[in-house]
There are 2 protein chains.
Amino acid sequence: MATEPIKVLVVDDEPNIRDLLTTSLKFNGFSVYAVGNGNDAVLAAEKGKPDIILLDVMLPDQSGFAVTKKIRAMGIDVPVLFLSARDETEDKITGLTVGGDDYITKPFSLDEIVARINAILRRTQKVETEESVLEVGEILMNEDAHEVFVGGQAVEFSPTEYKLLRFLMTNANRVMSKGQILDHVWEYDFGGEMGIVESYVSYLRKKLDPLTTEPVIITKRGVGYMYKSSK
Amino acid sequence: MATEPIKVLVVDDEPNIRDLLTTSLKFNGFSVYAVGNGNDAVLAAEKGKPDIILLDVMLPDQSGFAVTKKIRAMGIDVPVLFLSARDETEDKITGLTVGGDDYITKPFSLDEIVARINAILRRTQKVETEESVLEVGEILMNEDAHEVFVGGQAVEFSPTEYKLLRFLMTNANRVMSKGQILDHVWEYDFGGEMGIVESYVSYLRKKLDPLTTEPVIITKRGVGYMYKSSK
DNA sequence: AGTGTTTATCAGGCATCTCTCAGCAAACTC
DNA sequence: GAGTTTGCTGAGAGATGCCTGATAAACACT
């Protein structure tokens, strides 16, 4: 586990987004370097040899596509995860998911970013050890197929339910506060109340509890929730 | 599996096309070298000993046919997949596609390029291991004959339906987003909406579902589609 | 030129999902 | 044990995503 950390280059002109991504990715064990424009991105890609680039398609000096071309032209064959606003996406996505590349729309959730980065690294063989299957306790989650098995039984989940479950599973046996959950599972511009977390935990329990020998999501009153597995 | 990678020489004067092909082919496991004109192509063919050449017929300095002749004159017997604009007369090309050669019109789809390369390599014996038959679950696809059998029953598909089915089958048990599908199955300059994917999935299901014991194309709401086979 | 096929768009309908709220239950405080 | 806080969950409104039939244009093959 103490191998070289994965290097991520973050490129976005909005300082808020940059900080958000930097903090979150560092916390997830990545080594992060962030810049705010295309020129710096090209330079950083050349010098820093990142394993993956998080690249906003709308930059002040040039488009993310231009940046990608310049980087590739230098013979640097690094996968790119594009970030784009929801409305500019639909028509311009053509060609973006070629090779190891992928794209994600703003506003995104931090958990989703991490999941997608891992998916890309898995596909591009940068990481051999990573498995697309996440198994904790009685629950098995196949990320590629977006399928979940609880005690061997396939269970369907809505996108948000799925993300919440994945977040709790990846942080198994650790209490996560509702605030943390909201910050990681919901899109970063979510303006609602924390009650939504309670609702979704309830949805999860309704589907999970009938199939597990003991409750998997524990409430730590006044603190948060925890996915529990006796290992 | 750890055999020598297939070497592909890409020759096209448009940098966009070059990048697109390079990225896509590399991701599909090929070793790629790309040049932008006929002279460099001849040199690269001599030094690089490619297993196959992707050759644009309209190059700035000389025609793709001239390039082919020079290469063959040097005793290098490499198959060529010609790329030509749709309006360039097809009969001219047809006469020149000797041996294992083939041609494909621009704009092409990336999935089609890979399929054609594999078909040529199969025919020219460069690769013995490759099979022309793709069988996943209850569906069997014979690439050479362009035939599909669903539960032993022959079914006809339109070109786009066929390509979509092949793409889903080659990525069985993995959810593919509509964006990914569009990027790989449709021509690279397709400017339409993702709704077209929904339509074609609907067409496929109408033909497949009556002949399979259970639905083969699964919708993962908010994520994409998946060809499912219980293995 | 004529016919049938294929591609692509669109809109209506439908199912699901998201989020909020309110009443109830459980747990903690004193 | 009474009061207070915190969490649980059913109900429901509105939004979203997906499916499919209708349709028109492009194309292919006589």
Side-chain angles (χ1 to χ4, degrees), chain A residues 86-87 89-91 94 105 107-109 111-112 146 148 155-165 168 175-179 181-182 185-210 215-226, chain B residues 86-87 89-91 105 107-109 112 146 148 155-165 168 175-179 181-182 185-210 215-226:
Chain A
R86 180 107 53 199
D87 46 353
T89 307
E90 298 290 323
D91 35 32
T94 317
T105 54
F108 45 76
S109 83
D111 185 61
E112 191 64 19
H146 250 250
V148 180
V155 183
E156 295 292 324
F157 292 97
S158 82
T160 305
E161 288 167 0
Y162 182 89
K163 277 182 252 179
L164 174 57
L165 179 59
L168 292 175
V175 182
M176 306 311 275
S177 74
K178 284 180 223 174
I181 294 172
L182 212 50
V185 176
W186 269 261
E187 297 170 351
Y188 56 75
D189 67 343
F190 178 75
E193 299 293 317
M194 288 204 222
I196 188 99
V197 178
E198 296 170 18
S199 286
Y200 270 88
V201 167
S202 174
Y203 298 154
L204 283 186
R205 291 210 255 236
K206 204 185 297 182
K207 293 182 178 181
L208 299 177
D209 288 352
V216 281
I217 303 178
I218 308 298
T219 303
K220 291 286 173 180
R221 196 184 165 82
V223 187
Y225 297 100
M226 182 175 84
Chain B
R86 185 145 296 172
D87 47 353
T89 47
E90 299 194 353
D91 35 58
T105 54
F108 45 77
S109 84
E112 190 64 16
H146 240 252
V148 180
V155 182
E156 294 291 323
F157 292 97
S158 81
T160 306
E161 288 167 359
Y162 181 89
K163 277 181 255 179
L164 174 57
L165 180 58
L168 292 175
V175 182
M176 298 314 226
S177 74
K178 283 182 232 176
I181 295 172
L182 215 49
V185 176
W186 268 260
E187 298 168 350
Y188 56 76
D189 67 342
F190 179 77
E193 298 292 317
M194 295 206 241
I196 188 84
V197 178
E198 296 170 22
S199 287
Y200 270 87
V201 167
S202 177
Y203 298 155
L204 282 185
R205 291 211 255 236
K206 206 184 296 183
K207 292 183 178 180
L208 298 176
D209 287 352
V216 281
I217 303 178
I218 308 295
T219 302
K220 290 285 171 178
R221 191 177 218 265
V223 187
Y225 296 100
M226 182 175 82

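Chain identifiers are assigned alphabetically (A, B, ...) following the order of the sequence lines, protein sequences preceding nucleic acid strands; residue numbering begins at 1 within each chain. Being a predicted model, the structure only gives us computed values, none of them experimental.
- Residue B:T219 places its side chain closer to D:dC19 than to any other of D:dT16, D:dC19, D:dG7.
- Two residues are said to be in side-chain contact when any heavy atoms from C-beta on lie closer than 4.5 Å; A:F190 and A:V185 fail this criterion.
- A:L182 contributes atom CG, which lies 6.5 Å from atom CE of A:M194 (distance to the nearest 0.5 angstrom).
- Nucleotide D:dG7 holds its P atom 15 Å from the CE atom of A:M226, rounded to whole Å.
- A:E193 comes within 4.0 angstrom of the backbone, heavy atoms only, and of no base.
- The phosphate of D:dC19 has OP1 or OP2 within less than 4.0 Å of a side-chain N or O from B:Y225.
- Rounded to an integer number of Å, the gap from NZ of B:K220 to P of D:dC19 is 13 Å.
- Across the interface with DNA chain D, nearest-nucleotide mapping of B:S202 and A:G224 shows A:G224 to be the residue nearer the 5′ end.
- Atom OG1 of B:T160 is separated from atom CG of B:L204 by 10.0 Å, given to the nearest 0.5 angstrom.
- A close approach under 4.0 Å does not occur between any side-chain nitrogen or oxygen of B:S199 and OP1 or OP2 of D:dC19.
- Here NZ of B:K163 is found 5.0 Å from CD of B:E112. Values are rounded to the nearest 0.5 Å.
- Phosphate contact (OP1/OP2 of D:dC8, side-chain N/O of A:K206, threshold under 4.0 Å): absent.
- For B:R221 and D:dT16, the CZ to P distance is 11 Å, given to the nearest whole Å.
- Using a 4.0 Å heavy-atom distance criterion, B:Y203 is classed as a base contact.
- An end-to-end axis angle of 40° holds for the helix from C:dA1-D:dT30 to C:dC30-D:dG1, taken from five base pairs per end and rounded to 10°.
- The aromatic rings of A:H146 and A:Y162 lie parallel to each other, with less than 30° between the two planes, well short of the 60° mark.
- Between the CE atom of A:M194 and the P atom of D:dC8 there is a distance of 14 Å, rounded to whole Å.
- Rounding to the nearest 0.5 angstrom, the gap separating the CG atom in A:L168 from the CD1 atom in A:I217 is 5.5 Å.
- For the atom pair B:L164 CG and B:Y203 OH, the distance stands at 12.0 Å (nearest 0.5 Å).
- Within 4.0 Å of B:F157, counting heavy atoms only, lies no atom of the nucleic acid at all.
- The CD atom of A:E156 sits 10.0 Å away from atom CD of A:E161, with the distance rounded to the nearest 0.5 Å.
- In the 5' to 3' direction, nucleotides of DNA chain C lying under 4.0 Å from heavy atoms of chain A begin and end at C:dC17 to C:dC28.
- A close approach under 4.0 Å does occur between a side-chain nitrogen or oxygen of A:K178 and OP1 or OP2 of D:dG7.
- The side chain to side chain contact (heavy atoms under 4.5 Å, CB included) check on A:E198 picks up A:K178, A:Y225, with sequence neighbours excluded.
- Side-chain contact between A:S158 and A:Y200 is present, with heavy atoms from C-beta onward closer than 4.5 Å.
- Between A:I196 atom CD1 and D:dG14 atom C1' there is a gap of 13 Å when expressed in whole angstrom units.
- Distance A:I217 CD1 to D:dT9 P: 11 Å, rounded to the nearest Å.
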